[in-house]
Novice: 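This structure is in structure tokens; I'll ask about it shortly.
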Amino acid sequence: MGARSPGPTRGGSGQTITAILIVAISGGLFWLVQIYTDALRDPRYLDGWLLAGGMSLQLFFHVATKTGRLPPKSIMRWRTFHIFVGYLLVAAFLSHSNFALPNSVFDWALWSGFMLVTLSGLFGTYLAWSLKAKSRVDERVGYDRIPVRVAELARDVKAIVAMPDPSADAIALPAAPYDAWITDLYTNHLRDFFEGPRNFSSHLIASQRPLKRLIDELNHLAPYVDAQGQERLSRIWNLVAEKDALDFARVHFGLTRAWLFVHVPVTYGLLVLSVLHVLVVYSYASGAL
């Protein structure tokens, strides 16, 4: 434990440095725009082209990840850079819009598209963070494999509960009701849990309260059963923990899939609108319209 403790500290320090860089660069952008304004220049061309350049970098991220040629570490670096640039683009957009709401239908389309891309990007960042925080999730288990594994866990826990006590036939006295207690635990708390996906809302916010309740039920029963019963409860405990992790993975992998169908198409739509916006602006500036 002592050897691993510096890891979260380094991670927290890295996030702090990143936040400071974002604030500093954003402040520098606002300062530069103010200089342009004081020099009687139109700052919308400055922050507008910065915004266009940043959006082009975001597009390159999507293209780079879709090629399938990048190693996992490079993809992680690209994703980190993608998120970093995304936060800077928020500052550039606020500067370009002059912190005001749009006043035309086309500007509203641009504003709404950027807001939707930003909000979906923040949600995607949360999904990535929550999966990383829930380190016990094995990302090698594919989304399509999860239902199969859950069905296997349901069969395994049922077999453990139905396992007879080998000492019951070895003595003439009535056996202790350990099997009945474990069966009642399964019937009242575990059977429904293993029958399908559970605790969607709790997994959405990375809460472990439902898992803790089940573990508490197992721990409360453990002192009252014999060694054989405790061994069975220990095996059930492992199956419960794995099933909870799979439920979490199902929620977040599923949301990640659905999120891509929102974030990526809206991003491409925003890029098209941005190109049209540039054409219209320069057409007016040159007197063509």
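This structure is a prediction, so every number in the text was calculated from the model and none was measured. The analysis underlying the following values was restricted to heavy atoms, covering all of them including side chains, and did not include hydrogens, waters or symmetry mates.
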Novice: Are side-chain heavy atoms of Ile22 and Ser26 found at a separation under 4.5 Å?
Specialist: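 With C-beta onward as the side chain, the pair touches.
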Novice: Are side-chain heavy atoms of Phe193 and Asn199 found at a separation under 4.5 Å?
Specialist: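 Answer yes - side chains close enough.
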Novice: Checking Phe61 now: which residues fulfil ring pair (Phe, Tyr, Trp, His ring centres under 6.0 Å) with it, not counting sequence neighbours?
Specialist: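 Applying ring pair (Phe, Tyr, Trp, His ring centres under 6.0 Å) to Phe61 gives His82.
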Novice: Go through the structure and list residues passing side-chain contact (heavy atoms from CB on, under 4.5 Å) with Val278, not counting sequence neighbours.
Specialist: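 Checked Val278 against side-chain contact (heavy atoms from CB on, under 4.5 Å); matches are Trp49, Tyr282.
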Novice: Could you give all pairs that pass the salt bridge (charged side-chain N to carboxylate O under 4.0 Å, His left out) test and reach residues 194-214, with sequence neighbours left out?
Specialist: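 Qualifying pairs, neighbours excluded: Asp192-Arg198, Lys212-Asp216.
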Novice: Any heavy-atom pair between the side chains of Met115 and Phe93 that's under 4.5 Å?
Specialist: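 Phe93 reaches Met115 side chain to side chain.
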Novice: Side-chain contact, heavy-atom cut-off 4.5 Å: Val262 with Phe123?
Specialist: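 No, too far: nothing below the 4.5 Å cut-off.
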Novice: Membership question, hydrophobic clusters at under 4.5 Å side-chain separation (ILVMFWY): are Leu110 and Leu94 in the same one?
Specialist: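 No, it is not one cluster - the side chains of Leu94 and Leu110 are not joined through contacts under 4.5 Å.
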Novice: What side-chain hydrogen bond (donor to acceptor under 3.5 Å, both in side chains) pairs are there with at least one residue in residues 86-107, not counting sequence neighbours?
Specialist: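 Those involving residues 86-107 are Asp47-Ser95, Asp47-His96, Ser104-Asp107.
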Novice: Could you tell me which residues satisfy side-chain contact (heavy atoms from CB on, under 4.5 Å) with Thr80, sequence neighbours excluded, listed by chain and number?
Specialist: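 If we apply the side-chain contact (heavy atoms from CB on, under 4.5 Å) test to Thr80, skipping adjacent residues, there are no hits.
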Novice: If you look only at distance, which donor and acceptor atoms sit under 3.5 Å apart when one is on a side chain in residues 182-189 and the other is two or more places apart or in another chain?
Specialist:
from   : atom 1 : to     : atom 2 : distance (Å)
Thr183 : OG1    : Asp179 : O      : 2.8
Thr187 : OG1    : Thr183 : O      : 2.9
Asn188 : ND2    : Asp184 : O      : 3.1

Novice: Could you walk me through whether Ile160 and Leu239 pass side chain to side chain contact (heavy atoms under 4.5 Å, CB included), step by step?
Specialist: CA-CA 10 Å; Ile160 294 173; Leu239 296 179; 3.7 Å; yes
Novice: Could you give the distance from CG (Leu32) to CD1 (Ile25), rounded to the nearest 0.5 Å?
Specialist: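 Reported to 0.5 Å precision, the distance equals 13.0 Å.
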Novice: Can you run down the side-chain hydrogen bond (donor to acceptor under 3.5 Å, both in side chains) pairs that involve residues 257-266, sequence neighbours left out, and say none if there aren't any?
Specialist: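 Those involving residues 257-266 are Ser120-His263.
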Novice: State which residues pass ring pair (Phe, Tyr, Trp, His ring centres under 6.0 Å) with Phe60; sequence neighbours excluded, sorted by chain then number.
Specialist: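 In terms of ring pair (Phe, Tyr, Trp, His ring centres under 6.0 Å), with neighbours along the sequence ignored, Phe60 is linked to no residue.
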Novice: Can you name the ring pair (Phe, Tyr, Trp, His ring centres under 6.0 Å) partners of Phe30, sequence neighbours left out?
Specialist: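 Phe99.
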Novice: Would Thr256 and Tyr143 count as a side chain to side chain contact (heavy atoms under 4.5 Å, CB included) here? Give the steps.
Specialist: CA-CA 11 Å; Thr256 300; Tyr143 181 80; over 6 Å; no
Novice: Is it possible for you to check whether Lys158 lies under 6.0 Å from the centre of the six-membered ring of Phe194, through NZ or CZ, and within 45° of that ring's axis?
Specialist: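 Output no; distance or angle outside limits.
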Novice: For the residue pair Thr267 and Leu59, establish whether any side-chain heavy-atom pair is separated by less than 4.5 Å.
Specialist: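 Answer no - side chains too far apart.
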Novice: Just wondering, do Leu270 and Leu116 contact through their side chains at under 4.5 Å, heavy atoms?
Specialist: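 A side-chain contact is absent here, since even the closest heavy-atom pair is not under 4.5 Å.
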Novice: Restricting to ring pair (Phe, Tyr, Trp, His ring centres under 6.0 Å), what partner residues turn up for Trp237, sequence neighbours left out?
Specialist: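 In terms of ring pair (Phe, Tyr, Trp, His ring centres under 6.0 Å), with neighbours along the sequence ignored, Trp237 is linked to no residue.
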Novice: Please identify each residue that fulfils side chain to side chain donor-acceptor pair (under 3.5 Å) with Asp156, with sequence neighbours left out.
Specialist: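 None.
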Novice: For Arg145 and Glu152: C-alpha separation, side-chain torsions, deciding distance, then whether salt bridge (Lys or Arg N to Asp or Glu O under 4.0 Å) applies.
Specialist: CA-CA 11 Å; Arg145 167 68 181 165; Glu152 294 173 353; 3.4 Å; yes
Novice: According to salt bridge (charged side-chain N to carboxylate O under 4.0 Å, His left out), does anything in residues 261-277 pair up with another residue at least two apart or in another chain? List the pairs.
Specialist: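 For residues 261-277, and leaving out neighbouring residues, there are no salt bridge (charged side-chain N to carboxylate O under 4.0 Å, His left out) pairs at all.
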